Amino acid sequence: MSALILANVEGAVGVQAAIDAVRSGRSALDAVEAALRVVESDPSVRSVGYGGAPNLLGEVECAASIMCGATLRAGAVGALRGYLHAISVARQVMERTPHVMLVGEGAAMFAAEIGEQKRDLLSDEARADYERWIREHLSADHIAEWPHVPLSRVLWPSADPETAKGTACLLIRAKNGNWGGGISTSGWAYRHPGRLGDSPIIGAGLYVDNRYGAVTCTHIGEMTIRAGTARAATAYLKRGASAEEACREALEDLRSLRGGYLGPVVVHVIDRQGNPFVASIGMEDPEPFWFWWEGMEDAECRGAVVL
Ligand code: ASP
């Protein structure tokens, strides 16, 4: 079986690290982690790790998950503050603990214990954008009292498709045929502190199973949590759907959601033969993604199907 890599647009800066890892025979999980560590360190990616967007109080809270397709083991962290490599912390949750997900202070405690790299994740650019957003979206009274205002009253302007997005995700099949997937994000910009999206939720934002394929989702995580999208698409693959059929059906599930905040979602599916299909709802332009398979020099950029 040839090795494969699929990365979304935010994951692009990590693709070369993934290719290098896969070429040198490392596992899919190693390749996922190597790629996402590059993304997390790059301040030009404004929705992941250092340089990522903060929550409504100006604090960068990161989330990440990783899943092994051979064993269905998984690890995740959410609302993690002050550590550069959320993906590595997620992986160590999987490797070293009996748990799947750690959040908030507990996740930070674990990161400290395993010697993860501490870092103030708010870059100057992200701070300036945040301060501008506060000036533009809060009333003069709220600004005068800030941050001692009921956050739920000033939260809604952040529910904007332009700010409520941004995640790096990769799905990889290594040379040995094993699949791995991973996601890292600073999440929906200016959201309520403590809000978790789908990125750390196994079955919502990520699901990987060697027997059927691999799925990852981006954009409005509240929707894919409600529909269990990544797990649902994997179940459609299990029933014999192609990547395209599984992706379309998972997006149809999302279209039947009623109420709550609804917006764009991108679903990335690869079936066990290695055929990718990526499609979006709620978007006008095709979302780019990167695809590489063994034998190619560089990954190629493709566009998601707009449904
Ligand atoms: N799904 C992420 C979240 O809900 C955001 C994104 O992927 O655009 O936080």
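Treat the numbers as computed from the prediction; the structure is a model and nothing was measured. Start at 1 and go down the list; that is how both ligands and their atoms are numbered.
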Note to self: What protein heavy atom lies closest to atom 8 (O) of ligand 1? Include the residue and the distance to one decimal.
What the structure shows: Gly166 N, 2.5 Å

Next item on the list: Check whether any N or O atom of Arg195, backbone or side chain, sits under 3.5 Å from an N or O atom of ligand 1, and answer yes or no.
Entry: yes

Checklist line | Non-hydrogen atom of Thr185 closer than 4.0 Å to ligand 1 | finding: no

Notebook entry, point to check: Does any N or O atom in Lys165 lie less than 3.5 angstrom from one in ligand 1, N or O only?
Noted result: no

Notebook entry, point to check: Does Thr218, backbone or side chain, put an N or O under 3.5 Å from an N or O of ligand 1?
Noted result: no

Next item on the list: Any chance you could lay out the salt bridge (charged side-chain N to carboxylate O under 4.0 Å, His left out) test for Arg195 and Glu222, step after step, and finish with the verdict?
Entry: CA-CA 10 Å; Arg195 173 266 184 189; Glu222 279 69 4; 2.6 Å; yes

Checklist line | Close-contact set for ligand 1 against Asp198 heavy atoms, below 4.0 Å | finding: 1 (N), 2 (C), 3 (C), 4 (O)

Notebook entry, point to check: Can a salt bridge be assigned to the pair Asp209 and Lys238 using a cut-off of 4.0 Å between side-chain N and carboxylate O?
Noted result: no

Next item on the list: Can you label the angle between the Trp188 ring and the Tyr261 ring as parallel, tilted or perpendicular, going by 30° and 60°?
Entry: tilted

Checklist line | Closest heavy-atom pair and its distance - Pro157, Thr163 | finding: O-OG1, 4.5 Å

Check: At their closest point, which heavy atom of Ile202 faces which heavy atom of Ile66, and how far apart are they?
Finding: CD1-O, 4.2 Å

Note to self: Test of understanding: given a 4.0 Å heavy-atom threshold, classify the contact between Arg191 and ligand 1 as side chain, backbone, both, or neither.
What the structure shows: neither

Notebook entry, point to check: Going by distance only, is there an N or O of Ile220 that falls short of 3.5 Å from an N or O of ligand 1?
Noted result: no

Notebook entry, point to check: Short list, please: which atoms of ligand 1 are under 4.0 Å from a heavy atom of Gly187?
Noted result: 9 (O)

Notebook entry, point to check: Does an N or O anywhere in Ala164 fall below 3.5 Å from an N or O of ligand 1?
Noted result: no

Margin query: Using a strict threshold of under 4.0 Å (side-chain N to carboxylate O), is an ion pair present between Arg132 and Glu136?
Written below: no

Item checked: Flag for Glu40-Ser184: side-chain donor and acceptor within less than 3.5 Å -> yes

Next item on the list: Looking only at distances, please establish whether an N/O atom of ligand 1 is found under 3.5 Å from an N/O atom of Thr167.
Entry: yes

Next item on the list: Go through ligand 1 atom by atom and flag the ones less than 4.0 Å from a non-hydrogen atom of Trp188.
Entry: 9 (O)

Note to self: Looking only at the side chains, is there a donor atom on one of Asp141 and Ser139 sitting less than 3.5 Å from an acceptor on the other?
What the structure shows: no

Next item on the list: Using the six-membered ring wherever Trp is involved, compare the ring planes of Trp133 and Tyr190 and label them parallel, tilted or perpendicular (cut-offs 30° and 60°).
Entry: tilted

Check: Against heavy atoms of Gly221, which atoms of ligand 1 measure under 4.0 Å?
Finding: 1 (N), 4 (O)

Checklist line | Numbered atoms of ligand 1 (with element) below 4.0 Å of Gly197, judged on heavy atoms | finding: 4 (O)

